[in-house]
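Following: one structure in C-alpha cells, then a few remarks.
Chain letters run A, B, ... following the sequence lines, proteins first, then strands; residues in each count from 1. Because only heavy atoms are used, hydrogens play no part in the values below, and waters and symmetry mates are left out as well, while side chains stay in.
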Amino acid sequence: MTTYLPTRPEGVEDTPRTLKKGMTGVDKVFEISATTIGTIVLLITGGIGLFLLGNSIPTLRYYGWSFFTETQWNPEQNVVGIAAVLGGTVSIAFVALALAVPLAFLTALYISDYAPPNLKPTLISAVDLMSAVPSIIYGLWGFFLVMPYAGDVARWLHRWMGWLPIFDVQTDPNSAFVDQTRYIQSAFCAGIAVAMMVLPMIASVMREVFSQSPPGEREAALALGATRWGMVQSVVLPFGRGGMIGGTMLGLGRALGETIAVLLIISQAEELKWRILETGTNNISALIANKFGTATGAQMSALLTAGLVLFVLTLIVNTLAAIVVSRSRSGADAEA
Amino acid sequence: MTTTLERPTTATVEPQRPTFGSGITELPLLDPPTTPAPPQRALSQATDEELFSRFGPIIGGFALAWLICYRLLPWNGLVGYLLVSLVCILALTAVVGGLRGGITEVQDRVMNVLVPAGALIVFVALASAVIFTFYRGFEALLHVNIYTQDMSGIGPKDSLDKGGVLHAIVGSLIEVFIAIAIVVPLGIGTAVFMTEVGGPYAKVVRTVVESMTALPSIVAGLFIYTTVILTGILPKSGAAAALAIGVMMLPIIARAADVVLRVVPGSLREASLALGASRWKTVWHVVLPTARPGLATAVILGVARGVGETSPLLLTSGVTSSLKLNPFDGVMTSLPLFIFSTVRSGEPIYEVRGFGAAAILMTLVLLLFTGARLLARPRRDKSRTIRAPRQTTPQPAAELPSGEPVLVEIADSPYPNDATNVRPTGGIK
C-alpha cells in the first residue's frame, strides 16, 4: 500500500498571508474611549495637585520659611504660619499610633493565630466594619463617652509620670481642687478617637501578612516543639515585618488628615507644644475647616498651602509605606 | 508448613516447644493483660492543673487589682481598675509560668493572655461606639416624625414630637447618588484603561491616581470650595457637595477597582482572545463579569465611606433646616453635617436629635456594609448558572433540543470580600 503525498503544482511560490497589525473597529473605539476616561481622571486628579501647587507658590514665596516656623494664624496682621497646627497634627497622629499600633498588632495576631477557626470570619468582618464606621461616629464616641475617662487617665498620668515632658500639664495635680477641664479636649483625647479610625486599617494589613506566612515553616516550628508564641516569634513576625511597618505608616497617613473627630473633640489653641495631655491643640484640617469661611484672596492661598503641606506629608508617608510593603518578603507574593 | 495463630485454649496444657526443624513456626503471642490498660488521655482537653494555671491568674488578677485600687491606692475608677487588673493578670500568669518552666514557658503564657486581651479591648471599643450611638439616640428614634419631617421652624426647645431629619437623609442620599453616578463610570473606566490597555501612559495615570488616594478629604472639599463655589459656578449646594465627595472618592474607587481587575487570571483573558474574541468583548464578557463581586464590594465600600464623610461637606454644602430635592438650589444638609451642627449646640434635645441622626447614619452604613459582604461572599454550595450565548447556526436536534438554553455551571469566583485584598486563587472553573 502506498501513500501519495499531495504535490505542489509547478511554478507556484508560497506567499505569506498578510496579517493586519492594527486593531479593528470595536477595539479601536474601546481603546480610544478607555484612554479618554483615563485622561479625564488624570486631569481631575492631577489637576488638584497642580492647583494646590500653583496656589501655594505665591504664599511660600511671600512668607518664606516663616510659614513653617510661625505659630500664629493671623491674616489680619499679616502673620501666617503653620508651626502650631503642624505640631498638633503630628502629636495627635502619634498619640493615635501609640494607642492603635499595639492594639492592632494584638488584634491581627489574635485573628491570624490565636482565635478559634470558626470565629475568624466574624472577626475579620468586625474589623472591616470598624473601618466603615463614619468618623463622626467615632468623634461622638470620643467626645461623649470616652473623654471623661480619658481625663481621669490623663490626670493619673500627669500625677505619676508628670516628670516626663510630654505628660506635663500646667496645673498642680495634687491640689485639693483639681481643674479637670485642663485635662480634656487635648491631643490625647483626639488621639483616642483617631486611633479607632486607623486601627482597623493597620490591623487588616497586619493580619493579611501574618496569614500569608508560609504554613510549612509554621508547622516545622511547631513540630520542633516550639510554643505558639515561639512559633509566632520565629516565623510569623519576621515574615510579617514589612507588612507591620507598612500598615503602621498607612495608618499614620490616615491619622494625619483626620478632620471631623478632631474638630469635635479639641479646643482650638494656636500654640506649639508637646504637652499632649493638656487641653487645647489644633491640626491642619481643623484649621482649614475653621478658617475657610472668612478667608479671601491671599488667606485662601495660605489655607491651600496648608492643605498642600498636609497632602505632601500624607503622600510621602503613603509612598514610603507602599515601598516598605512591596520590598518586604511578605509583599513579594501578595501581588501574584 | 503450618503456622499456629491460636492461643492455647487451656492454660494447664504446657505448650510444647517445637523441636528445631519440625516445620512449625511459632509466632510470639501477647501475654494476657494482668492490669487493665489506663484510660486514654484526651489530648485536646487540658488537665486540671493546666486549667488552674490558666484561669487562676485571671481570677487572682482581678482580686489583686481590687485590693490595689480600692484599698491600697486612691486609683478607684473603672478604667483604672481594668488597666491595673490587666497588669496584675499578666504578672500572675508570668509567675505561674515561671513555676512550671523556663523563660519560653513564661513568654508563651503571657502572650496567651495578652493577645486575646488586646483583641477584646478593640472589639469592646467597637461595640461600645455602635451601642452608645443607638443608646443615646434611642429616644429620638422612637418618634415617627423623625423620619418624616424636616427641621424647618423647629426651635431648640421644641420637643421630639416635632421635627425630624428627613431633609438630612434625603440630602445625604442625593449627594452620594450624584457622586456615585459621576465616579463609578470614571473609576471603573480608568481601572479598565490601566489594566487592559496598559502602556507607559497608563503607568503615569496609575502613579497619579495612587498618589491622589493620599488626598485628605478636607483638602478635596477646599479644592471644590475654591474652584467651584468661590468662582460662582455653583452656589453652596448639594451638587457642589457631591462634586467634593466625588473628587475624594474617585482615586479610592479607581485604585480599588484596579486592584480587583489586576487579579483576574491572565489565562482567562488569553483563553478569550485565543477563541477569537476582540479585546472589547474580552473585557465586557470575561474580565468584568469575573471581577463583578470585587467591583461591587469596592463600590459599596466607597459609598459607605462617602455617606459618612463630613469634612468636605462642611465646606461645600452649607446647613439648612428645610427639605430640598433640587441639588442645584442652594444649601442642602446631609446626615453627618446635621449631626455635627447639633451635638455641640449644648441643647439637650438637639443632642438627642443629633444622636438619632447618628444612629440612622450608622444603620445606613451597616446596611451598605452587609450588602457588600453578601455580594462578595463566596457561594460555595450554590453555584451560579449562566446562560450560554444563543446559538446562531442551527444545530442538529439530537445534540441540542431547540429552544432549550444550555446551562453552563460555573462556580462563583471565590474572591475574598475586601476589594483591596483579592487573591487570584480559584477563579472560574
Under 6.0 Å from the six-membered ring centre of A:Phe144 and within 45° of its axis: does the NZ or CZ of B:Arg136 meet both?
-> yes
Test log, rule side-chain contact (heavy atoms from CB on, under 4.5 Å), inputs B:Leu126 and A:Tyr138 | CA-CA 9 Å; B:Leu126 170 66; A:Tyr138 287 131; 4.0 Å; yes
Can you measure from [atom1] ([X]) to [atom2] ([Y]) and round to the nearest 0.5 angstrom?
X	Y	atom1	atom2	value
B:Phe340	A:Leu263	CZ	CG	4.0 Å
B:Glu210	A:Thr45	CD	OG1	11.5 Å
A:Leu106	B:Leu120	CG	CG	11.5 Å
A:Ile37	B:Phe193	CD1	CZ	10.0 Å
A:Ile260	B:Ile218	CD1	CD1	7.0 Å
B:Met248	A:Ile48	CE	CD1	11.0 Å

Checking heavy atoms, do the side chain of [X], its backbone, both or neither come under 4.5 Å from chain B?
X	answer
A:Gln233	side chain
A:Met130	both
A:Phe311	both
A:Ser131	neither
A:Leu129	both
A:Thr227	both

Test item: side-chain donor near acceptor, B:Ser128 and A:Trp141, under 3.5 Å | yes
Derivation and outcome, side-chain contact (heavy atoms from CB on, under 4.5 Å), residues B:Phe123 and A:Leu123 = CA-CA 9 Å; B:Phe123 292 119; A:Leu123 295 178; 3.7 Å; yes
Side chains of B:Val343 and A:Phe143: closer than 4.5 Å at any heavy-atom pair?
-> no
Heavy-atom pairs under 4.5 Å with chain B, option from [options] with the top count:
options	result
A:Leu303, A:Val317, A:Ile40, A:Leu264	A:Leu264
A:Asn318, A:Ile44, A:Leu103	A:Leu103
A:Leu250, A:Val312, A:Leu308, A:Val133	A:Val133

Provide the closest heavy-atom pair for [X] versus [Y] in the form atom of the first, atom of the second, distance.
X	Y	value
A:Phe292	B:Leu314	CZ-O, 3.5 Å
B:Ala119	A:Thr107	CA-OG1, 3.9 Å
B:Ser211	A:Leu315	CB-CD1, 3.2 Å
A:Ser125	B:Phe369	O-CZ, 3.5 Å

Kindly say whether A:Trp229 contributes a backbone atom to a donor-acceptor pair with the side chain of B:Asp108 at under 3.5 angstrom?
-> yes
Heavy-atom pairs under 4.5 Å with chain A are the metric here; pick the option from B:Val283, B:Thr310, B:Val79, B:Val247 that has the most.
-> B:Thr310
